[in-house]
Amino acid sequence: MRDGRENDFIFVEGLRLAEELAATNLEITDCFVTPEFARSERGAALLGKFAHLRAATLNENLLASISDTKTPPGIVVLAKKPAVGRAVLETALKSDEAPLLIVLHKLNNPANVGAILRTAEAAGASGAILTRDSADVFSPRSLRGAMGSAFRLPLWTNAQFGEAVEFCLAHQIKTVCAELSAQKTHVEIDWTGAKALIIGSEAHGLAPEEIAQTDESLIIPMRPPVESLNAAVACGVVLYEAVRQRTALSQLTK
């Protein structure tokens, strides 16, 4: 279960992430804490929210044996996974006039996946699609990187690349990918309409036939000899350009 491969449950560690979980409507099934955690002010307050559970108290060594981190954080919580899928994203788009989606294609670094979801939620994205062979968004490392965003952001996981593109086409969402040979920079793309930003794998990006399926491509200008940015950083740069454009448009139309 700790590795995120259990179909129905997520494994949550740490005070901050457990607090984020407690603020959701997800069903929490089990809680394990150390005596020191239970005696702390924030720990006791959090356990008060889990009053319907009988939290098991474990010593630090025992908790360390089930922990995914080098330093056990004092609390481990098990909960039912949030609902994911095409239908979840469909529902989210019904209330969004100009959707902004993220499509992650074969990103295999769970920390990057988590960081992107956190940035996407912060930037007001409508949701995210993760294709097959991407890192598990509910693995412990991804959950720590997302810091609660994976609980809240509408997600469709395990999609085929073609399904993601078809979904965007069906909802009149223009697809934009990052490509080193693109002719436009990220600030020259019009982000005020319905858009989906597609990020390819850290090592290989998108294949030529995948790029051909998208509507536009962009490049982020960089000074040599740097040729590329970390996927999460690149995604953040582009998303906040979209935020800048959309904020400017909303101010003009007030």
Side-chain angles (χ1 to χ4, degrees), residues 1-14 17-30 68 76-96 99-171 173 175 194-202 210 231-232 235-236 239:
M1 186 177 297
R2 182 179 64 187
D3 62 8
R5 293 177 184 175
E6 169 61 46
N7 288 334
D8 298 322
F9 294 88
I10 53 177
F11 182 95
V12 174
E13 292 187 83
L17 197 54
E19 287 175 335
E20 294 283 353
L21 178 64
T24 71
N25 294 321
L26 296 180
E27 181 183 348
I28 299 166
T29 60
D30 298 278
D68 185 65
V76 169
V77 182
L78 304 183
K80 289 289 186 71
K81 282 184 178 179
V84 298
R86 181 172 184 144
V88 171
L89 217 51
E90 294 267 10
T91 301
L93 295 186
K94 290 179 180 178
S95 59
D96 202 333
L100 178 61
L101 293 179
I102 306 298
V103 179
L104 304 183
H105 183 47
K106 296 184 178 180
L107 257 71
N108 54 30
N109 185 319
N112 277 343
V113 168
I116 288 173
L117 294 188
R118 187 177 184 183
T119 304
E121 186 184 30
S126 312
I129 301 174
L130 291 92
T131 66
R132 293 179 185 178
D133 298 321
S134 292
D136 183 359
V137 70
F138 295 120
S139 70
R141 285 188 66 199
S142 289
L143 288 175
R144 288 196 296 272
M147 196 50 70
S149 294
F151 304 149
R152 300 180 293 264
L153 195 66
L155 300 173
W156 176 11
T157 62
N158 205 35
Q160 295 277 17
F161 183 82
E163 288 179 318
V165 173
E166 180 275 328
F167 178 88
C168 292
L169 179 63
H171 291 83
I173 300 171
T175 52
K195 288 286 195 296
L197 172 62
I198 302 177
I199 303 292
S201 74
E202 295 92 343
E210 293 166 341
C235 190
L239 281 176

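Only heavy atoms go into these numbers, but all of them, side chains included; no hydrogens, no water, no symmetry mates. We number each residue from 1, following the sequence as shown.
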| task | Could you please spell out the steps behind the side-chain contact (heavy atoms from CB on, under 4.5 Å) verdict for L104 and V137? | result | CA-CA 11 Å; L104 304 183; V137 70; over 6 Å; no
| Candidate pair C235 and T119, rule side-chain contact (heavy atoms from CB on, under 4.5 Å), full reasoning | CA-CA 8 Å; C235 190; T119 304; 6.0 Å; no
| Stepwise side-chain contact (heavy atoms from CB on, under 4.5 Å) check, F9 with K81 | CA-CA 5 Å; F9 294 88; K81 282 184 178 179; 5.6 Å; no
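In this structure, L239 and A123 approach most closely via the heavy-atom pair CB-CB, 4.1 Å. When all heavy atoms of A92 and P154 are compared, the pair lying nearest together is CB-CG, 3.6 Å. In terms of heavy atoms, N112 sits closest to E202 at ND2-OE2, 3.2 Å. The two residues R152 and E20 make their nearest non-hydrogen contact at NH1-OE1, 2.7 Å. Between A159 and I129, the shortest heavy-atom contact is CB-CG2, 3.8 Å. The two residues R118 and S149 come nearest to each other via the heavy atoms CA-OG, 3.3 Å.
Put simply, CG on N109 and OG on S134 are 11.5 Å apart, with the number rounded to the nearest 0.5 Å. Taking NZ of K94 as the start and NE2 of H171 as the end, the distance is 9.0 Å to the nearest 0.5 Å. In this structure, the separation between OG on S201 and CD on E210 is 8.5 Å, given to the nearest 0.5 Å. Residue I10 holds its CD1 atom at 11.0 Å from OG of S139, rounded to the nearest 0.5 Å. For the atom pair CG of L21 and CD of E19, the computed distance is 11.0 Å after rounding to the nearest 0.5 Å. Here the straight-line distance linking atom CD1 of I102 with atom CG of L155 works out to 11.5 Å at 0.5 Å rounding.
Listed for the R132 side chain is a donor-acceptor partner under 3.5 Å among the backbone atoms of N158. Panel note: side chain T91, backbone A87; a donor-acceptor pair is recorded below 3.5 Å. One N or O on the side chain of T131 and one on the backbone of K106 form a donor-acceptor pair closer than 3.5 Å. Listed for the T175 side chain is no donor-acceptor partner under 3.5 Å among the backbone atoms of A196.
Annotation: side chain of L100 is in contact with side chain of K195 (closest heavy-atom distance under 4.5 Å). In this structure, V76 and F11 have side chains that are in contact, with non-hydrogen atoms separated by less than 4.5 Å. L101 places a side-chain heavy atom less than 4.5 Å from the side chain of L93. When side chains are defined from C-beta on, I116 counts as touching L107, because their heavy atoms get closer than 4.5 Å. Annotation: side chain of P110 is not in contact with side chain of D136 (no heavy-atom distance under 4.5 Å).
Contacts of E166 classified as side-chain hydrogen bond (donor to acceptor under 3.5 Å, both in side chains), with partners at least two apart in sequence or in another chain: R86. Take F161 and apply the ring pair (Phe, Tyr, Trp, His ring centres under 6.0 Å) test, not counting sequence neighbours, and it matches H105.
F151 pairs with exactly one of N25, L17, L117 by the side-chain contact (heavy atoms from CB on, under 4.5 Å) rule, that one being L17.
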